[in-house]
Amino acid sequence: MSRKPIVAGNWKMNLDRTKARELAAAVAARRGEAAAVDLVLCPPAVYVETVGTTLAGSGSDVGLGAQNMLDKAGGAYTGEIAPPMLVDLGCDYVILGHSERRTLFGETDSAVNVKAKAALAAGLVPIVCVGETLEEREAGRTAAVVTAQVQGSLAGIPAGDLEKVVVAYEPVWAIGTGKVATPEQAQEVHALIRGLLAKLASPEVAGRVRIQYGGSVKPDNAADLARQPDIDGALVGGASLKADDFLGIARAFA
Ligand code: 13P
């Protein structure tokens with residue numbers, strides 16, 4: 001089963017408008033270095049329009065994503081952003097259930113599940129994040145934690161929609177720590193996730209879902225991750241803030 005790799009940059013709460021525009025332009029200009037890979041940029045919400053305009057003006061097919069959204073189409077939800085608003089700005093993707101959303105802002109699997117359904121209904125591809133903490137891994141609970149997150153976050157999504165979803169396995173202990181999972185550790189969990197998707201839908205659908213690894217991915221460790229059979233790309237934090245590093249990672253998956 002061949003899946004097109006997907007490498008996404010999660011810029012988190014970084015950069016300013018000028019730097020966001022410059023970084024998007026630099027990635028778009030060098031998009032051809034990793035033509036076999038889907039590339040996606042996920043800027044802070046306030047810069048989505050700037051980045052979208054820059055990407056559109058470049059004529060490149062670099063995708064645009066947001067880092068979060070609410071599941072409601074509109075209304076009295078002060079401070080929140082509706083899926084149609086992201087579509088309106090040209091977004092194709094939205095990251096959901098990132099561990100920082102889960103731990104700092106209390107997002108639960110059921111909240112992620114409702115958001116994933118709302119994203120799909122609006123025509124957005126959800127990048128659904130899962131991953132265990134160091135404490136959970138050391139207690140031998142990785143499989144149980146990831147299983148609960150996958151089943152809870154993707155419950156009730158019909159097969160036709162499920163195959164569009166991107167899953168990101170991001171072990172919390174590897175995020176922003178410089179401590180990347182070994183390719184074997186990552187592959188083991190990716191294979192587990194694909195097995196869960198097969199049970200949720202079918203082996204055919206599971207074979208089409210792209211599963212990214214995230215957590216301290218850098219140009220020098222990306223190739224070993226990319227060689228694993230169930231690692232279909234990367235969700236990149238820190239290294240996505242430099243065009244050289246981001247494209248270096250993308251080339252490893254090409
Ligand atoms: P780092 O690449 O900075 O470890 O962040 C990973 C991440 O959280 C991407 O969503």
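Atoms within each ligand, like the ligands themselves, are counted from 1 in listed order.
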Atom 9 (C) of ligand 1 sits nearest the protein heavy atom Glu170 OE2, 2.9 Å

Using modelled atom types and a 3.5 Å cut-off, is there a donor and acceptor pairing between side-chain atoms of Ser58 and backbone atoms of Ala28? no

For ligand 1, does Ser240 get within less than 4.0 Å through its side chain, its backbone, both, or neither, judged by non-hydrogen atoms? neither

Ligand-residue contact atoms, ligand 1 with Gly176, heavy atoms, under 4.0 Å: 1 (P), 3 (O), 4 (O)

Can Asp245 and Lys218 be counted as an ion pair, charged N to O under 4.0 angstrom? no

Quick one about Gln187 and Asp230 (side-chain donor to acceptor, distance below 3.5 Å, no hydrogens or angles considered), yes or no? yes

Tell me: protein heavy atom nearest atom 3 (O) of ligand 1, and distance? Gly238 N, 2.8 Å

Should Gly214 be counted as touching ligand 1, given the test is an N or O pair under 3.5 Å? no

May I ask whether Ser216 has any heavy atom positioned less than 4.0 angstrom from an atom of ligand 1? yes

Go through ligand 1 atom by atom and flag the ones less than 4.0 Å from a non-hydrogen atom of Gly215. 4 (O), 6 (C)

When you check the side-chain N and O atoms of Tyr169 and Glu132, is any donor under 3.5 Å from an acceptor? yes

Short list, please: which atoms of ligand 1 are under 4.0 Å from a heavy atom of Ala174? 4 (O)

For the backbone of Cys129 and the side chain of Arg102, can you confirm whether one donor and one acceptor N or O come within less than 3.5 Å of each other? yes

Should Glu135 and Arg141 count as an ion pair when the cut-off is N to O under 4.0 Å? no

Does any N or O of ligand 1 fall below 3.5 Å from an N or O anywhere on Lys218, backbone included? no

Ligand 1 atoms nearer than 4.0 angstrom to some heavy atom of His98 are 7 (C), 8 (O), 9 (C), 10 (O)

Glu170 and His98: side-chain donor and acceptor closer than 3.5 Å? yes

Look at atom 2 (O) of ligand 1 and say which protein heavy atom is nearest, naming residue and atom and giving the distance to 0.1 Å. Gly237 N, 2.9 Å

With respect to Thr177, determine whether any N or O atom, backbone or side chain, lies less than 3.5 Å from an N or O atom of ligand 1. no

Near Asn10 (heavy-atom distance under 4.0 Å), the atoms of ligand 1 are 9 (C), 10 (O)

More than 12 heavy atoms of other residues, nucleotides or ligands under 6.0 Å from CD of Glu188: yes or no? no

Between the main-chain N or O of Ala155 and the side-chain N or O of Asn113, is there a donor-acceptor pair closer than 3.5 Å? yes

